[in-house]
Amino acid sequence: MKKEIDVLIIGSGPIGATFARIISDQKPDAKILMIDLGPRLTDKAGQHLKNIPDPAIQSDLQIKSQGSKQTPYPNISVAQRAQAVQKGELNADILARAGTHLATDSPDDLAKNQMPSASMSSNVGGMGAHWTCACPRPGNAERIPFISDSDYEKAFKKAEELLFVTQNAFPQTPESLAIMNTLSSVFKGRLSSDRQVQPMPLACKVDEKGDRYWTGSDLILGEMAESNYHGNFKIRSETLCRKLNTEGGKITSALIEHLPTGTQEEIHAKIVIVAADALRTPQLLWASGIRPKALGHYLNEHPFIFTFVELKAPPAPDGGASTEGKTPPSGAGGTDPVAGVFWVPFD
């Protein structure tokens with residue numbers, strides 16, 4: 001089959017969703033098709049799984065995001081795998097994060113794989129359905145030197161708008177202040193005046209009641225993520241791009257395949273955008289004979305270290321029983337015991 005559209009977007013994570021949203025806003029009549037090799041997990045395309053209150057349903061959806069039957073351990077969750085490793089039932093000490101699968105062919109490859117910890121998610125919404133939602137701005141040596149400050153500022157402002165970034169996702173409490181003040185006392189003299197310890201900027205939409213809705217591709221797409229959307233934007237799940245076809249140095253069409261049926265189509269598009277993550281984007285370009293010198297080089301992740309702080313409940317001030325071990329007061333959005341998320345900027 002042969003079809004013609006204006007824009008084909010390969011990959012439905014936050015990057016692909018951003019292209020779809022901005023193009024649609026600027027060119028409402030443009031016919032946009034987005035494809036993703038993984039399943040659609042939620043009615044709203046690309047919803048973050050932290051927004052699903054039932055942990056059993058959340059775990060089932062994470063398993064669906066862990067790749068095809070060919071990947072290791074396709075039918076158990078990351079948490080279940082970790083438990084099996086601890087019990088000695090699985091001989092693997094490297095685990096992907098929840099909702100992802102490792103970039104390896106078999107458990108035996110983990111020891112010799114060049115990138116044993118590289119993991120991918122395969123679902124509509126990509127890693128946007130599983131990420132931590134932490135959005136710290138890079139600074140100092142983290143900044144790419146050939147991008148001007150004005151270009152950085154413009155890009156960050158737009159990104160934070162699309163992602164609903166806020167530093168007020170968690171209410172200020174005595175517990176959160178205690179943690180932040182302690183961190184500040186340790187790091188204040190070692191950090192630049194404009195990059196002190198502060199609440200972590202988080203991609204999270206907070207309503208008037210203080211309930212949190214974590215950002216996935218659905219919030220970036222807006223109304224286009226709704227299952228009953230009837231505009232010029234369409235998403236096809238479980239659809240893989242096999243090859244990009246070129247003519248005169250320009251991509252003119254793509255061979256795509258609906259994985260459950262094996263049906264293949266050639267999609268002709270005026271613009272093709274590949275946003276299939278740092279591993280599968282170069283893989284597709286290489287398989288299509290598009291091989292610039294930089295392909296597959298300079299792959300990187302913004303490195304960070306995160307630590308959990310657990311507070312012991314103090315003795316009751318009236319001499320009564322301690323509250324230690326009891327469920328803490330619920331924060332905004334229910335019984336989440338997290339007091340807050342804090343950022344010690346790299347300096």
Side-chain angles (χ1 to χ4, degrees), residues 1-47 64-65 67-68 70 120-129 216-218 220-292 295-296:
M1 297 175 64
K2 179 180 175 180
K3 292 188 176 179
E4 295 190 7
I5 56 170
D6 293 313
V7 182
L8 172 65
I9 301 175
I10 301 163
S12 63
I15 301 292
T18 297
F19 275 108
R21 172 67 180 274
I22 291 178
I23 292 171
S24 181
D25 284 350
Q26 295 181 1
K27 301 285 184 182
D29 295 330
K31 293 180 180 178
I32 304 171
L33 173 64
M34 174 182 281
I35 65 171
D36 198 288
L37 67 88
R40 182 166 177 153
L41 304 177
T42 52
D43 287 339
K44 286 182 69 179
Q47 183 179 1
K64 288 183 179 179
S65 305
S68 68
Q70 283 71 45
M120 308 177 284
S121 58
S122 297
N123 56 269
V124 171
M127 192 62 82
S217 290
D218 63 326
I220 299 171
L221 290 169
E223 64 174 351
M224 296 190 296
E226 301 292 342
S227 56
N228 61 351
Y229 179 74
H230 298 297
N232 290 323
F233 173 73
K234 296 286 186 294
I235 298 179
R236 290 198 204 173
S237 60
E238 299 180 275
T239 301
L240 177 70
C241 181
R242 289 285 182 194
K243 185 182 179 184
L244 301 169
N245 299 312
T246 61
E247 189 175 315
K250 179 180 173 60
I251 298 170
T252 55
S253 67
L255 179 66
I256 68 172
E257 179 180 335
H258 182 237
L259 295 175
T261 62
T263 304
Q264 292 191 345
E265 297 176 68
E266 186 179 2
I267 302 291
H268 285 251
K270 296 174 184 175
I271 296 174
V272 177
I273 295 164
V274 186
D277 75 37
L279 299 173
R280 287 172 287 195
T281 290
Q283 181 189 47
L284 174 59
L285 295 176
W286 180 271
S288 304
I290 302 170
R291 301 177 181 180
L295 186 66

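Along the sequence shown, residues carry numbers from 1.
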Exercise for review: Output the distance between atom OG (S253) and atom NZ (K243), rounded to the nearest 0.5 Å.
Suggested key: 9.0 Å
Exercise for review: Answer yes or no: is there a donor N or O on one side and an acceptor on the other, between the side chain of S288 and the main chain of I290, under 3.5 Å?
Suggested key: no
Exercise for review: Check whether any side-chain N or O of D43 sits under 3.5 Å from a backbone N or O of E226 as a donor-acceptor pair, and report yes or no.
Suggested key: no
Study note, to complete from the structure: The reported gap from CG in L255 to CD in E257 (rounded to nearest 0.5 angstrom) is 7.5 Å
Point to revise | Side-chain (S122) to main-chain (G38) donor-acceptor, under 3.5 angstrom | key: no
Only pairs under 3.5 Å count here: list side-chain donor-acceptor contacts from residues 6-17, not counting sequence neighbours, and write none if there are none.
{"unit_1": "D6", "atom_1": "OD1", "unit_2": "K270", "atom_2": "NZ", "d": "3.2"}
{"unit_1": "D6", "atom_1": "OD2", "unit_2": "K31", "atom_2": "N", "d": "2.8"}
{"unit_1": "S12", "atom_1": "OG", "unit_2": "D36", "atom_2": "OD2", "d": "2.7"}
{"unit_1": "S12", "atom_1": "OG", "unit_2": "G125", "atom_2": "N", "d": "2.8"}

**Study point:** Nearest-0.5 Å distance that lies between atom CD1 in I251 and atom OG1 in T246
**Key:** 7.5 Å
Check your understanding: Quick check: does any side chain N or O of R40 sit under 3.5 Å from a backbone N or O of V124, one acting as donor and the other as acceptor?
Key -> no
Study note, to complete from the structure: In this structure, CG of D277 is separated from CD of Q283 (nearest 0.5 Å) by 9.0 Å
Check your understanding: Counting heavy atoms not belonging to K234, are there more than 12 under 6.0 Å from its NZ?
Key -> yes
Practice item. Could you tell me whether the side chain of I35 reaches within less than 4.5 Å of the side chain of L33, counting heavy atoms only? Key: yes
Review point. Does the side chain of I32 reach to within under 4.5 Å of the side chain of S24, using non-hydrogen atoms?
Key: yes
Practice item. Kindly give the heavy-atom pair with the smallest separation between A254 and L244, and that separation in Å. Key: CB-CD2, 3.9 Å
Practice item. Check whether any side-chain N or O of T239 sits under 3.5 Å from a backbone N or O of S237 as a donor-acceptor pair, and report yes or no. Key: yes
Check your understanding: Can you find a heavy atom in the side chain of L37 that is under 4.5 Å from one in the side chain of R280?
Key -> yes
Practice item. For the pair H268 (side chain) and E266 (backbone), establish whether a donor and an acceptor sit closer than 3.5 Å, ignoring hydrogens and angles. Key: no
Exercise for review: May I ask you to check whether over 12 heavy atoms, not counting those of F19, lie within 6.0 Å of atom CZ?
Suggested key: no
Exercise for review: Decide yes or no for L221 and F233: does some side-chain heavy atom of the first lie under 4.5 Å from some side-chain heavy atom of the second?
Suggested key: yes
Practice item. Give the C-alpha distance, both sets of side-chain angles, the deciding distance and a yes or no for side-chain contact (heavy atoms from CB on, under 4.5 Å) between I256 and L240. Key: CA-CA 6 Å; I256 68 172; L240 177 70; over 6 Å; no
Review point. CE/M224 to NE2/H230 distance, rounded to the nearest 0.5 angstrom?
Key: 15.0 Å
Check your understanding: Do you know the tightest heavy-atom contact between L41 and S65?
Key -> CD1-OG, 3.2 Å
Exercise for review: Can you see which heavy atom on L259 is nearest to which on R242, and at what distance?
Suggested key: CD2-NH2, 4.4 Å
Practice item. For the pair R236 and E265, find out whether any cationic side-chain nitrogen is under 4.0 Å from an anionic carboxylate oxygen. Key: yes
Exercise for review: For residues P260 and E238, report the shortest heavy-atom separation together with the two atoms involved.
Suggested key: CD-O, 3.6 Å
Point to revise | A45 versus I235, closest heavy-atom pair with distance | key: CB-CD1, 3.5 Å
Review point. Does any donor atom in the side chain of T252 or N245 lie under 3.5 Å from an acceptor atom in the other side chain?
Key: no
Exercise for review: Taking the side chain as every heavy atom from C-beta outward, state whether I23 and I271 have any pair of such atoms under 4.5 Å apart.
Suggested key: no
